[in-house]
Amino acid sequence: MADDATTARDYRETVFLPDTPFPMRGGLPKKEPEILEGWAALSDKGLYGAIRAKRQADGAPLFVLHDGPPYANGAIHIGHALNKTLKDFVVRSRFALGYDVDYVPGWDCHGLPIEWKIEEEFRAKGRRKDEVPAEEFRTRCREYAGGWIEAQKTEFQRLGVLGDWWSRYATMDFNSEATIVAEFHKFAASGQLYRGSKPVMWSPVERTALAEAEIEYHDHVSPTIWVKFPVVEGSDAATGASVVIWTTTPWTIPANRAVSYNPDVAYAAYEVVALEENLEFAPWSAPGDRLVIAEKLADDVMKAAKVASFKKLESVDCEGMVLAHPLAALDTHYGFAVPMLAGDHVTDDAGTGFVHTAPGHGADDYNVWLAHGHREIPDTVDPDGAYYPHVPLFGGLKVLETEGKKVGKFGPANGAVMDKLIEAGALLARGRVEHSYPHSWRSKAPVIFRNTPQWFIRMDHADETGQTLREKALKAIADTAFHPDAGRNRIGSMVEGRPDWLVSRQRAWGTPLAMFVDKHTGHPLMDPEVNGRILAAIREGGADAWFKRPDADFLGHHDPALYEKVGDILDVWFDSGCTHAFTIEGRDDSHWPADLYLEGSDQHRGWFQSSLLEGCGTRGRAPYKAVLTHGFTQDENGEKMSKSKGNTVEPQTITKESGAEILRLWAAMVDYSEDQRIGKTILATTTDAYRKLRNTTRYLLGALAGFTEEERVTDYADFPPLEKYILHRLWELDRDVRAAYESYRFSDVTRPLIEFCQGDLSTLFFDIRKDSLYCDAPNALRRKAYRTVLDYVFERLTIWLSPLTSFTMEEAWQTRFPEAGSNSLRVIPATPAGWENPAEAARWAKVETVMSVVTGALEVERREKRVGSALEAAPVVHVADADLLAAFDGLDAAEVFRTSAATLLAGDAGAFRTDEVKGVSVDPKLAEGQKCARSWRILPEVGTDPRYPELSLRDAEAVAYWDATH
């Protein structure tokens, strides 16, 4: 016997421990490039091409995601990374759902940011832009954009973004420019295009007109002035009085041609009686002054003018009144009559109840001027934001600085105008006000309204169908699916109230408004043969062909002397609004309209809207069936990211330090429909979630080592209750994951799957079945059933998560099936309807209720050092609720509780109550018997098998199997 004791067997070799080369630590920064290299080798278009070929061979339905083009200027930032990653989620999830997906990435290349960069380059070499030939300048712009396309493409691919990078589009490609011009010609030919001289938002800094989509509003402090316009004709009540106007743009006073009023507003003449005492400056009013003001605003105006007391004389009817210009006393050029014009844009909510009207510097001013039969619009400010030399008293003065340290600041014009008004005795008061003011979204500089000839597309011109562009666009919005649905109202309100589409720009780098205009009629020449030659030339030589080739090359039999060649370029939003026409339309492996457009929420006024108008104007509908928007990325404190604040998070840094997978998982976990946050703490939380997913995946791989089809349990009836519950959860998750992917709710994939891995799998399934996995004989039904279900879990989890954590799921799949091809080639497998088992789900909800009470009781025993581990216990569990007790029918309670033994009894144990709410009480008795040398369970049966006296009966059979097979 002593000899036997000294030679006691080490049973560790007989325990079936999980085994996998899949590492616990991902090493993502090193591993991901290796995976990318493998994907690239799968076809001449990499993994993307391989998947498309497989789906097309399978006859899969086609899904088209059309790419909203990022601007080819600079390295990608976190906003780019989120946007492209979300698009990759769409592409990969549709592939996984069994679709063939067309996604061609593209770039927006024309426009001012690149022009400015190239201007800086030439200035650094001592050459001003006007010294550089236009063709040379455009060539350098094209080279610059091309370089950044390649740089950004590499960065996007590093994130794992799939797409047809080999057929990428760019708005500067010759074919793209030709198609954009062809789309423009369609608007011209249909009568929707016109040239008008009207006030438009003009950026002196950028020296071009801007559309509403290129404007953003910022708080700005402006001077405010109250100005007196002497009454020269009209109401007897206003004789000897002055009409008072209020404005925040003193620089527009030289352009004043009228004063507007509202017939529904009550006006009156007031006389100044006394001024405030002890003023620090000489007032510009005096007792006896007569002022015409809206009655509702009289108190406010008098307070601004430092008037202590005043009296109302009588009401005033403004119809037919004529005023003198406030600067007429200083220069006879201002000696013209200033009419009073009725307009419903005038209110008595603020100011004086009158609106100073400069028809060249405001939309309302322009409209009311024309509505009263006036046609001449004064030109007072030049493209550089300075008064023209012919403007009396102020010629050459800057309204807005465009050079030097004060670029983007208002110039001396405001001050000069106020000084002259004081000199003329026309200034009543002045002050300062902070208000929302339009700025260029590119330069961030204030813009001005400036009268200039421009080309517009009509929003309210009925075509041959009797519908206007606005009406067609609003119908298209109603027919489009929006994610989230609030986007419909947002873009709808914008389209309802937007003005005509301003499409011309006065810059060098862009697609030309390539057409000729009849010098006599002012109408565009729409000759199909001429347009055909224009398009052929641009398709061959790009935009330069239009600018450098002689007119006669295009005009054919038309006399060049009779036509004007338009030298403007198109709005870049028109460019990008046409991308559908040269990217998806007309291709055999795509279709029009696209199934989805996906961009940031700011694109309701940008690309979504320009594409909508372009599609409706040329084809009668939107070029998309659905629109998905995401919010903006902020720092961890919810603040906008800024390099000056030092709170930016660069995707390149995340990829280098942690791996692109962490960035992808972050994007998959956030609610992208709102503004999201990112930073070190948030990324640390994301990394923790990643580790849990990776550990679950690693366990599955280890537990499935050596699994073969011969081991698979095929009859559902043979599965134990716990396995049936997990199969039910797979059925539920399959339904929910598919629905979430179909509606682009990626966090509704990630969150439930992480919870499934942490709860149902790790805490319940893995923990309960680890004894069976390690210690049952390989031919035991329970162990085979467990491993069969693990295989089903692995099969689904790796494809469910593949669109989101693509690198890790690829690594896991290739670890287990190195010869099976890429995980991404798979589709989500069908889940048998027979796996649905709500009764089993209800059972395990009850079991877990009891289990939590037992676990809590054993924790107390461990804390009090009455037991060391759960295997030392054999709890007696009293269950008062009959339904809870019935849930354990057919279950091994000891296995469920992870104890050596357990007894379940009906009724209330009283003294051992541990949970009154659940009606469960636990008597934490110690297990009786000997400790099994292999499974460590303490059982009376240990030693009853003479072959293996140190083992329980189950372990003895397992070792006997091991001995027989090794």
Side-chain angles (χ1 to χ4, degrees), residues 109-112 115 118 129-142 171-197 200 207-209 379 383 452-458 501-572 574-575 578 581-582 614 617-618:
C109 307
H110 296 135
L112 281 164
E115 279 204 48
I118 304 310
K129 182 182 177 183
D130 57 7
E131 297 174 336
V132 180
E135 187 176 352
E136 179 184 353
F137 185 85
R138 285 192 291 269
T139 297
R140 181 63 196 115
C141 288
R142 188 176 295 277
T171 56
M172 70 176 184
D173 291 342
F174 292 176
N175 182 67
S176 300
E177 290 179 331
T179 304
I180 293 166
V181 171
E183 294 297 301
F184 171 69
H185 284 167
K186 293 177 183 179
F187 281 98
S190 64
Q192 297 176 85
L193 182 75
Y194 71 97
R195 180 159 59 178
S197 183
V200 296
R207 217 172 183 273
T208 188
D379 286 330
T452 178
Q454 299 290 344
W455 290 95
F456 299 86
I457 291 173
R458 294 183 173 92
W501 188 1
L502 169 62
V503 294
S504 53
R505 298 293 184 273
Q506 292 68 49
R507 299 297 298 190
W509 174 230
T511 304
L513 274 81
M515 66 179 182
F516 293 94
V517 175
D518 188 306
K519 291 180 179 179
H520 177 65
T521 66
H523 295 152
L525 173 63
M526 284 293 107
D527 182 327
E529 292 185 0
V530 172
N531 288 346
R533 286 189 284 269
I534 292 171
L535 298 181
I538 294 175
R539 192 163 278 113
E540 180 182 347
D544 282 337
W546 170 253
F547 292 114
K548 71 182 181 181
R549 288 178 60 168
D551 297 1
D553 284 5
F554 305 109
L555 285 169
H557 67 274
H558 297 281
D559 184 355
L562 300 178
Y563 293 92
E564 168 198 352
K565 185 179 190 179
V566 178
D568 291 344
I569 64 169
L570 283 161
D571 168 22
V572 291
F574 190 92
D575 272 19
C578 295
F582 55 79
E614 207 288 323
T618 57

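Note that the structure is a prediction, hence the values are computed from the model and not measured.
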I need the minimum non-hydrogen distance between [X] and [Y], along with the two atoms involved.
| X | Y | answer |
| --- | --- | --- |
| E177 | A543 | OE1-N, 2.8 Å |
| I569 | A508 | CG2-O, 4.3 Å |
| P560 | D551 | CB-CB, 4.3 Å |
| L570 | P512 | CD1-O, 3.9 Å |
| G111 | V572 | CA-CG1, 3.7 Å |

Show me the donor-acceptor pairs within less than 3.5 Å that the side chains of residues 525-539 make with the rest of the protein, sequence neighbours left out.
unit_1, atom_1, unit_2, atom_2, d
D527, OD1, E529, N, 2.8
D527, OD2, H558, NE2, 2.8
R533, NE, F554, O, 2.8
R533, NH2, F554, O, 3.2
R539, NE, N175, OD1, 3.1

Task: Exam field: side chain R458 to backbone G191, donor-acceptor pair closer than 3.5 Å - done: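 Checking the backbone N and O of G191 against the side chain of R458, a donor-acceptor pair under 3.5 Å is found.
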
- [ ] Report, as yes or no, whether the 6.0 Å neighbourhood of atom CD on E540 holds more than 12 heavy atoms from other residues, nucleotides or ligands.
- [x]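 No.
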
How many angstroms lie between [atom1] in [X] and [atom2] in [Y], if you round to the nearest 0.5 Å?
| X | Y | atom1 | atom2 | value |
| --- | --- | --- | --- | --- |
| F574 | I457 | CZ | CD1 | 5.0 Å |
| Q454 | Y194 | CD | OH | 11.0 Å |
| W509 | T139 | CH2 | OG1 | 8.5 Å |
| S190 | H185 | OG | NE2 | 12.0 Å |
| D173 | C109 | CG | SG | 7.0 Å |

May I ask you to test the [X]-[Y] pair for a side-chain heavy-atom distance under 4.5 Å?
| X | Y | result |
| --- | --- | --- |
| W455 | P524 | yes |
| T171 | T511 | no |
| I180 | F582 | yes |
| M515 | L193 | yes |

- [ ] In sequence, state the C-alpha distance, the side-chain angles, and the governing distance for K186 and E183, and then conclude on salt bridge (Lys or Arg N to Asp or Glu O under 4.0 Å).
- [x] CA-CA 5 Å; K186 293 177 183 179; E183 294 297 301; 3.0 Å; yes

TODO: Take L502 and D571 through the side chain to side chain contact (heavy atoms under 4.5 Å, CB included) test and state the conclusion after the steps.
DONE: CA-CA 8 Å; L502 169 62; D571 168 22; over 6 Å; no

Task: Charged N-O contact under 4.0 Å between E115 and R505 - done: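 No, E115 and R505 are not salt-bridged.
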
Open item on the list: For the aromatic rings, using the six-membered ring if either is Trp, is the centroid distance between W546 and F516 under 6.0 Å?
Closed with: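 Yes; F516 has its ring centre under 6.0 Å from that of W546.
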
